[in-house]
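Reminder, nothing fancy here: chain letters follow the sequence lines and each chain counts from 1. Keep in mind that this is a model prediction, so the values were computed, not measured.
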Amino acid sequence: MEIVLKDKIKEAVKVLYNSDVTDNLIQLQETRKDFKGDFTLVVFPLLRFSKNTPEQTGKNIGNYLIKYFPAVSGFNVIKGFLNLEISDRWWIEYFAEMSSGKNLFRNCQVANPEVILVEYSSPNTNKPLHLGHIRNNLLGYSLYRILSACGHKVIKTNIVNDRGIHICKSMLAWQKYGDGETPQSSGIKGDHFVGKYYVKFEKEYKAQIEELMLNGQSEIDARNSAPLILEAREMLLKWESGDKEVVDLWKMMNSWVYSGFDGTYKMLGVDFDRIYYESETYITGKKIVLSALKENILFRNNDSSIWADLSSEGLDQKLLLRSDGTAVYMTQDLGTAVARFEDYSFNKTLYVVGNEQNYHFQVLRSLMKKMGYNWADGLIHFSYGMVELPEGRMKSREGTIVDADDLIKEMKDTAREVSLELGKLTDYSEEEKEDIFRKIGLGALKYFILKVDPRKNMIFNPVESIDFNGNTGPFIQYTFARIKSVFRKADQMGINLDPAVIANVRPGIKEIDLVKLLRKFTDIVSEAASGYSPALIANYCYDLSKEYNQFYHDFSILGEEDKVLRNFRLYLSKVTSEVLFSGMWLLGIEMPERM
RNA sequence: GGUUCCGUAGCUCAGUUGGAUAGAGCAACAGCCUUCUAAGCUGUGGGUCGCGCGUUCGAGUCGCGCCGGAAUCACCA
């Protein structure tokens, strides 16, 4: 509609003022609620062509449109704003189209689909997932859905940091203190099990440091000479040299962790098409660095470590291989990027990684371009903010880490409590109820996180916990469940939707508000895709739910005597439920039919 | 100190490419369940959009300078 209207306005300016105007001067927007009309033209930019007052210019354009464009049924001018009214007939036709189509995303398709890799999650294998990872996973998965919905070919990928000294710490502690205990024998989830030994290591290590310091060593010396850290380093060297015993242990403990992660991923409803392991990509990375060294893109220091000089790009020098020849984080990421490009020849890779690594990705891109990988322009750091507690960052030392599994369980429990307190779902089986509680609990968690602008740091208050009232996931789910209930009832009463009746109705103004909002869905999805912003969709779903709830209270739907009007309202309900379902689907949030 | 990001109601957050009187929720108070699900709806109170200058018909939005906060600047990942 906007596009046609814009063209007509351009035509009007051409005829009335004999001027060709560019698109950006035709500023068309939705009319604010307090004014009469559907679309508003801002006439200020056009004054230089009309050489007239804003009011008169608006009037002239309005009159022209009424005369030559039947969809416009009326207009009014307030200051420099021309409010145009679109005829009921046009609304109705649009609306019928919307309710008839199965695929609500068909109008969001991009002109040039791309191959996009979304890298997200990226866990270390020595600790269970926490709240920060939840934000990461939800954002990554939602980006996948949004971009796919708009026609891109999206590959979900995960890079597992399965290599390094931190893994060796857990391994060593298990060897020393584990006493043959396994996740199976202890009944502890694998990732938590391994994490337990990582904590054990840190505790014993700390005790050794303190003892050494009592004997007069400086803290730095004590850190580097404690027996445990020496053993861990030795283990890492053994691992790198392929020592069978160490590698087998490493494989076993990693497999425990992976089975634990799988459980968490499954609860969150996320998955991956392709998993990369740093234990593999660091080798590729090393090769790349060595060949770039030969081409004199990099330089070797006196101690034989290898560096990149990025000072001409406004960045620092960056280490790429240690003096002992081992790889660092950047080396691995180089290798991973190249391996992925060979696998998929992507247009873009979206790295869903916290904003603490902004510098790292700046360096990665500059470095790769310096090395001649032109496609490195497509490496995009989707930088999201930290999840903080009211008193600041989560700190493992202070035990303020919010564990992912604990939080998910808590959300489910709260959903159960709230539901039982309200006396709902009494006629459902235990199994069905649990499934609904899961959907609601996770809906609350996911929405809570996704509604916030990804770039911003956000605050999570574990004491107040996540609400189920107001601007929340359950509110949107509730709206959906209620619409479903209306249709169940309609079915019992033998009321069916009749598309033929639609065309005869003159909708009331309140209902038009709902239609306007529904109409925006396509634009919102497109905008969310181009701006990588799930939050846009989340907030839209809330606005729509709120609007529908008002509608629900203001009007009788099934009780309406006028069959035509009833049919129309049922239609509005139908489309609302479909839009809500699709919108929340893009966020990875499930919708219960009842709650 | 350099770089990047953030500052909107008591709290948590929205606010389209600059547009009309800056919006929700939570918290507080007052109403609404014989009526399609009250996880809801209606109303009241709450703001120098961190501060200042600039750009223009118009700035929460763009530019510059301050103030405040965060992240980062490792032979950690």
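With hydrogens and angles ignored, the 3.5 Å screen pairs a side-chain donor or acceptor of A:Asn549 with a backbone N or O of A:Ser545. Between the A:Thr331 side chain and the A:Leu320 main chain, a donor and an acceptor come within less than 3.5 Å of each other.
RNA chain B lies under 4.0 Å from at least one heavy atom of each of the following residues of residues 461-469 of chain A: A:Asp467, A:Phe468, A:Asn469.
A donor N or O paired with an acceptor N or O is not found under 3.5 Å between the base of B:A39 and the side-chain atoms of A:Thr472. No hydrogens or angles were tested; on distance alone, nothing pairs the side chain of A:Asp333 with the base of B:A77 as donor and acceptor under 3.5 Å.
Checking A:Asn301, A:Leu290, A:Leu319 one by one against A:Ile306, the side chain to side chain contact (heavy atoms under 4.5 Å, CB included) holds for a single residue, A:Leu290. Exactly one of A:Leu422, A:Ile440, A:Val418 qualifies for a side chain to side chain contact (heavy atoms under 4.5 Å, CB included) with A:Met595. That residue is A:Ile440. Among the candidates A:Lys446, A:Gln477, A:Arg438, the single residue satisfying the side-chain hydrogen bond (donor to acceptor under 3.5 Å, both in side chains) test with A:Glu590 is A:Arg438.
Every pair passing salt bridge (charged side-chain N to carboxylate O under 4.0 Å, His left out) that includes a residue from residues 417-428 of chain A is listed here, sequence neighbours excluded: A:Asp427-A:Arg594.
Nucleotides B:G46 and B:C5 place their P atoms 36 Å apart, quoted to the nearest Å. For B:A74 and B:C57, the P atoms lie 48 Å apart once the distance is rounded to whole Å. Nucleotides B:A30 and B:G68 are separated by 39 Å at their C1' atoms, to the nearest Å. With P as the reference atom, B:U17 and B:C51 are 24 Å apart, rounded to whole Å.
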Which pairs would a plain distance check flag for residues 384-392 of chain A, meaning a side-chain donor or acceptor within less than 3.5 Å of a matching protein atom at least two apart in sequence or in another chain?
from, atom 1, to, atom 2, distance (Å)
A:Tyr384, OH, A:Asn136, ND2, 3.1
A:Glu388, OE2, A:Asn457, ND2, 3.3

Would you tabulate the side-chain donor-acceptor contacts of residues 524-531 of chain A under 3.5 Å, counting partners in other chains and residues two or more places apart, or write 'none'?
from, atom 1, to, atom 2, distance (Å)
A:Ser526, OG, A:Thr522, O, 3.2
A:Ser530, OG, A:Ser526, O, 3.3
A:Ser530, OG, A:Glu527, O, 3.2

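Both key distances under 3.5 Å define a Watson-Crick or G-U pair, and stretches of 3 or more such consecutive pairs in RNA chain B run B:1-7 with B:67-73, B:10-13 with B:23-26, B:28-32 with B:40-44, B:50-54 with B:62-66.
Distances were taken from every side-chain heavy atom of A:Asn539 (C-beta onward) to each of B:A20, B:G40, B:A14; the shortest belongs to B:A14. Taking only side-chain atoms of A:Tyr478, from C-beta outward, the nucleotide of B:G15, B:G40, B:A24 with the closest atom is B:G40. Closest to the A:Asn471 side chain, of the nucleotides B:A39, B:G25, B:U37, is B:G25. The side chain of A:Glu527 lies closest to B:U16, out of B:U16, B:A39, B:A70. Candidate nucleotides B:C36, B:A70, B:G40 were compared by shortest atom distance to the side chain of A:Val486, and B:C36 ranks first.
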Per-nucleotide protein contact string for nucleotides 2-9 of chain B, where B marks a base within reach and S marks sugar-phosphate only (heavy atoms under 4.0 Å, - for neither): --S-SS--
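A:Lys520 has its NZ atom 14 Å from the C1' atom of B:U17, to the nearest Å. If you measure from atom CZ of A:Arg488 to atom P of B:U37, you get 8 Å, rounded to the nearest angstrom. With rounding to whole Å, A:Lys127 atom NZ is found 16 Å from B:C76 atom P. At whole-Å resolution of the value, CG in A:Leu41 and C1' in B:U17 are 15 Å apart. Atom-to-atom, CG of A:Asp562 to P of B:C36 comes out at 21 Å; the value is rounded to the nearest Å.
By the 5.5 angstrom centroid cut-off and the 30-degree plane limit, A:Phe475 is classified as not stacked against the base of B:G40.
Checked against the 6.0 Å centroid threshold, A:Tyr542 and A:Phe475 count as a close aromatic pair. Between A:His360 and A:Tyr329, a ring centre-to-centre spacing shorter than 6.0 Å is recorded.
For the pair A:Asn83 and A:Tyr542, both in contact range of RNA chain B, the more 5′-proximal nearest nucleotide belongs to A:Asn83. Each of A:Asn124 and A:Met458 was assigned the nucleotide of RNA chain B with the nearest heavy atom; the assignment lying further toward the 5' end belongs to A:Met458.
For A:Ser121 and A:Asn137, the side-chain atoms include at least one donor-acceptor pair closer than 3.5 Å.
Between A:Phe361 and A:Tyr351, the ring planes lie tilted relative to each other; the angle falls in the 30° to 60° range.
Contact between A:Ser573 and A:Ile557 at its shortest, heavy atoms only, is OG-CD1, 3.8 Å.
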